[in-house]
Every structure is written in structure tokens, then in C-alpha cells.
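Okay, structure first, notes after.
Every heavy atom of this structure was used, including side-chain atoms; hydrogens, water molecules and symmetry mates were not.
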Amino acid sequence: MAKKSMIEREKKRSLLVLKYAEKRKEIKKRIHQAVTFDEKFTYHCELQKLPPNSAPSRLHNRCMVTGRPKGYYRHFGLSRHLVREMAHQGILPGVTKSSW
């Protein structure tokens, strides 16, 4: 089980990403439309003034049950440990234990 503080920090980051998404998109659009270097530089400075945790690249996928950040399967939204357990129990639809 992941620490509660880490899970809460991740939730806070995701809220910041949603809050600043439109503003970030608009600034990046202006950067691409800018012609001179000075314009681009001012827009980049404007982008850097936004909170660092509002960048989508700061988000990290976590297991929905345990909050584990590593070994995450996107298809299920679970960590590899839980995918294995649930597959053995037959809880996950369409997943079978392979043997050869």
C-alpha cells in the first residue's frame, strides 16, 4: 500500500493539471504562432511562471486499489500484483492463466 500522502499529492497534481490545461494550451499555441525570438522568449517565460505541478508530464499512473506507482497496467488500472491475483481468481474478464 502506498503512503496516503503520496496518493493525495498525486490527486492534487491531477487537479492542478486540469485547472491550468486551457491556459497552458493557449500559451503553447502563441509560442508556435510567434515569429520573433523575443516573442517566443516572453511566452516561454509566461509558461514557466505556471506552477510546475500543473504540467501533465508530472502525473504518474497509480494502481486504483493499492496506489502502487510501478508495475501499472493501463488496461486494468491495476498494478501487476493485483492483476496476477485477480487473474488467478477469475475476477478479470477475458484473462486466463496460460500454460504450455
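Side-chain atoms of Leu82 and Cys63, non-hydrogen and from C-beta on, do get closer than 4.5 Å to each other. Using a 4.5 Å cut-off on side-chain heavy atoms (C-beta onward), His60 and Glu10 make contact. Counting heavy atoms from C-beta on, the side chains of Arg80 and Lys70 never come closer than 4.5 Å. A 4.5 Å side-chain heavy-atom check between Tyr73 and Leu78 finds every atom pair outside the cut-off.
With values rounded to the nearest 0.5 angstrom, Met86 atom CE is found 6.5 Å from Leu92 atom CG. Thr96 contributes atom OG1, which lies 11.0 Å from atom NE2 of His88 (distance to the nearest 0.5 angstrom). For the atom pair CZ (Arg9) and CD1 (Ile7), the distance works out to 11.5 Å, reported to the nearest 0.5 Å. Atom-to-atom distance recorded for Glu85:CD and Ser79:OG is 8.0 Å, nearest 0.5 angstrom.
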Please list, one pair per line, the donor and acceptor atoms closer than 3.5 Å that link side chains of residues 20-28 to other protein atoms, with sequence neighbours excluded.
residue, atom, partner, partner atom, Å
Arg24, NE, Ser54, O, 3.4
Arg24, NH2, Ser54, OG, 2.8

Residues 34-46 side chain polar contacts: donor-acceptor under 3.5 Å, at least two apart:
residue, atom, partner, partner atom, Å
Thr36, OG1, Glu39, N, 3.3
Thr36, OG1, Glu39, OE2, 3.4
Thr42, OG1, Asp38, O, 3.3
Thr42, OG1, Glu39, O, 2.6
Glu46, OE2, Arg30, NH2, 3.4

Discussion item. If you apply the rule side chain to side chain contact (heavy atoms under 4.5 Å, CB included), what do you find for His81 with Arg68, and how did you get there?
Written reply: CA-CA 10 Å; His81 300 292; Arg68 190 177 202 285; 3.4 Å; yes
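Placement of Leu59 and Tyr72 in two distinct hydrophobic clusters is found when ILVMFWY residues are connected by side-chain heavy-atom separations under 4.5 Å, directly or transitively. Ile91 and Val95 fall within the same hydrophobic cluster, where Ile, Leu, Val, Met, Phe, Trp and Tyr residues are linked whenever their side-chain heavy atoms come under 4.5 Å apart, directly or through other members.
Within 6.0 Å of the CZ atom in Arg84, the count of heavy atoms belonging to other residues, nucleotides or ligands does not exceed 12.
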